[in-house]
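Below is one structure; the comments refer to it alone.
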Amino acid sequence: MENGETAERDVVNASVASHCLLCVFSGVFVPIVLGSLPPALPWHVSCPMRCVCQIKPWFSPDSVYHEAPTVDCSDLLLTKLPLPIPPNTHTLRLQRNLMSVLDTALLHGLHNLTDLDLSQNRFSSVRTITQSYTLSSLLSLHLEENHLSHLPEASFSSLPALQELFLSHNNIHSIAPGAFGGLDSLLRLHINNNRLNTVDPRWFRSLPRLEVLMLGGNPVESLPERGFVALKSLRSLVLGGMGLRGVAEKALEGLEGLESLSFYDNLLSKVPSQALRRVPGLKFLDLNKNHIKLVDTGDFQNMAHLKELGLNNMEELVSIEKSGLENLPELTKLEITNNPRLSYIHPQAFVQLSRLESLMLNSNSLSTLHQNIMLSLPSLQEVSLHSNPLRCDCLFHWAAKDKSHPYIDKVMGKDVQTARLVRFIQPQATLCSEPPELRARRVREVSTGEMSASCLPSIPVSSLPSYVGVQEGGKLVLHCRALADPQPELYWVTPSGLKLGPSQSQSSKSSSAPALCKNVTTSEASRHTSFSSVHVQHAKNHTSCHSLKNYQLLPEGTLEISKITPRDAGLYTCVAENVLGADTRSVTVGVHSRGKYRKKGVATKQKKFQAIRIDARLELQEVGEHYAILSWQSRHNLPSTRLSWQALYPNTHAPTYTTHILAGTQSFNLTHLQGETFYRVCLHLGISQGAKHINRRSRDSRKPQCISFRTKDDQEFQPTLQLNPQMTSTAVTLLLLALILLLAAQGWDTEPREGEVKHHNTLQYDIKGPQTVIINQKTKINYNNQPNQSEKLVLHQIC
Ligand SMILES: *[C@@H]1O[C@H](CO)[C@@H](O)[C@H](O)[C@H]1NC(C)=O
Ligand SMILES: *[C@@H]1O[C@H](CO)[C@@H](O)[C@H](O)[C@H]1NC(C)=O
Ligand SMILES: *[C@@H]1O[C@H](CO)[C@@H](O)[C@H](O)[C@H]1NC(C)=O
């Protein structure tokens, strides 16, 4: 029987799905110790044929134990009530039969009948069960997995003592406003997994004592405002698996006694923080398996009684922001696990969680757990970090085997670091993924000496997709996060090469100006540090910064683009930078046109994007004795641009150096140059190697832009190659002349023309483009251009 089989499977599935809820909710309501139940006793009575009559343990809805005379007639293919039912029957089990009607007259005489189980039968109407005779002792009625589709007015009025009503897994799609009229004593109502698509506040008016309401598994997309206001006694509300996309601010209003709430498996894209403020008594909250992208500042705030919080199994969760959880004085257990994209927890994400003991963070994409998080949790006893791509060289000192785990204690109003021991859950499985020399080592076995004091920024692969499609007119939010020590600065570069972010930091050696906003000079920009001021500053120049009005850069590195137009399509690059270096990650944004030619629209846009002409003219801005400032302008985001340079000596080979140019940078100060020396510098423009939407040909056809110049000596003032008349040394002059002649003969030019390019190949010490690309370990890019600091460098020598 296939039907029976699928039903069986559904039950199994349902119990698996609700298992994680039960572990949260069982503590509150069902203190039954499974496995230690007393055995059934024989009950000598004249039992209906094929049924089993025994005295069995039974717990009332308020968990009081009873020895219950039980008649078990389940699985007998019965279509009607078997007779005779013994008069003092307490529990009557008729589940998994073929009954569609029930003659309640035959049950009317059973004065002790307390529990009636009619689940998995063929009832299609409740009237056939409840219409005629009152069953005044019945406390529990099971009608799960029948064929009920409608509950009429006063459906259960003949059951005045009923405390538990189970109606889950039927086909109920409509419930009359007064369907539950007369159930004044009802404590528990399960109408989950039906076909309800609205919740009617009137249903609950007659249930003043209801404590548990299971409404999940109904296709309700939104909850009414003040829908549960009549349920003054409700303690547990399960709204799992409903397709909820949001929770109205007043949806939970009036649930003053609510202690546990589950939104398991819905489509929530944000933490419903406004709605949660209306349930101040909440102790257990389950938000697992939703589409929440970000736990934002203030999302969980001032929840005075919250004890346990679950934020597991969220495909889209990328970040826990600063003060995402704040002032939760009772929180003892926090579970944030199995979120494949969660790569960032802000160092100050957890504020005033003074009682947090257990922090579960396993099976995410976290590279590290910042020491400040450990410092901020004075009661932490255990942490679970296994199954994360942990970078043991970065911010992990607190975890080293020779370190005790500190926390900040307030002693007489002063912060004091105190040591304590935090237990790792599954320490054998908590392994380093990076750096290569520590790979597969257990985190707990790495010593402080093996960890470095600082680390390069790294933007996790999982945090940004390589392609995002958006509908025209829509809004796009791109979250870029990176942890490093020192804390990195983040900025974005738009397809038009515009740099959005905090201005140049003092420590940065390369100067840069936004591509299209020429009026913003480096020195001007450096006076501003906040995101918003840069934003305003860019916006001043309307002619060149045309589309700035719809960009917004939020702190922590989120780029919001509103009212998307096809012009916003293209390559966006996020750059995270600290004094050690930088990491970049690019995402291609496609804009889908509105209307019926949608598919076509995408294709043309894509093509356009591929066909962009990428060029930029390299110019020498300033030259000194030991440095030269080069600049270029491009109207594109070229995240894999490189600059190479080489000293030109008449007789010797000089090494060629290459540095990666960070996206959005439009000028570069080459330092540590030799004085009075000719240099040849080339700019190799490039869109990210990772960008799949650029065709090969357009990438390969780009030629480097090269210029040559001579560094000054002490007396020189002109940054040109003209011979200085003040030069008196004939030897020097002759040498220079010889060199110029040599270079001229070999096609030396500040701007190579098509016909001349081939000559470069004959020049012995020319730069052979791709061979000079040296990028440190996959995604890390060091851009420091001082050849001396070799360990930090990406410089390389060819020939
Ligand atoms: C009902 O149960 C009570 C005690 O549980 C018992 O005293 C009484 O005899 C029972 N009634 C019937 C009709 O069996
Ligand atoms: C370029 O670098 C040189 C040498 O470090 C320095 O003296 C000069 O001020 C720098 N110029 C700019 C504009 O940063
Ligand atoms: C190179 O760096 C070392 C130490 O980092 C320093 O002692 C040395 O003077 C530097 N050399 C030059 C040429 O700057």
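Both counts, for ligands and for their atoms, begin at 1 and track the order of listing.
The two residues M374 and L369 make their nearest non-hydrogen contact at SD-CD2, 4.0 Å.
Near T671, with a cut-off below 4.0 Å to any heavy atom, the atoms of ligand 2 are 2 (O), 4 (C), 5 (O). Short contacts between ligand 2 and I629, defined as distances under 4.0 Å to a heavy atom of the residue, involve ligand atoms 11 (N), 12 (C), 13 (C). Listed by atom number, the atoms of ligand 2 under 4.0 Å from Y627 heavy atoms are 1 (C), 2 (O), 3 (C). Each of the following atoms of ligand 2 lies closer than 4.0 Å to a heavy atom of N669: 1 (C), 2 (O), 3 (C), 8 (C), 10 (C), 11 (N), 12 (C), 14 (O).
Counting only N and O atoms by type, the side chains of T558 and R481 include a donor and acceptor under 3.5 Å apart.
Take S433 and apply the side chain to side chain contact (heavy atoms under 4.5 Å, CB included) test, not counting sequence neighbours, and it matches P389. With sequence neighbours left out, the side chain to side chain contact (heavy atoms under 4.5 Å, CB included) criterion links T368 to L395, F396, L483.
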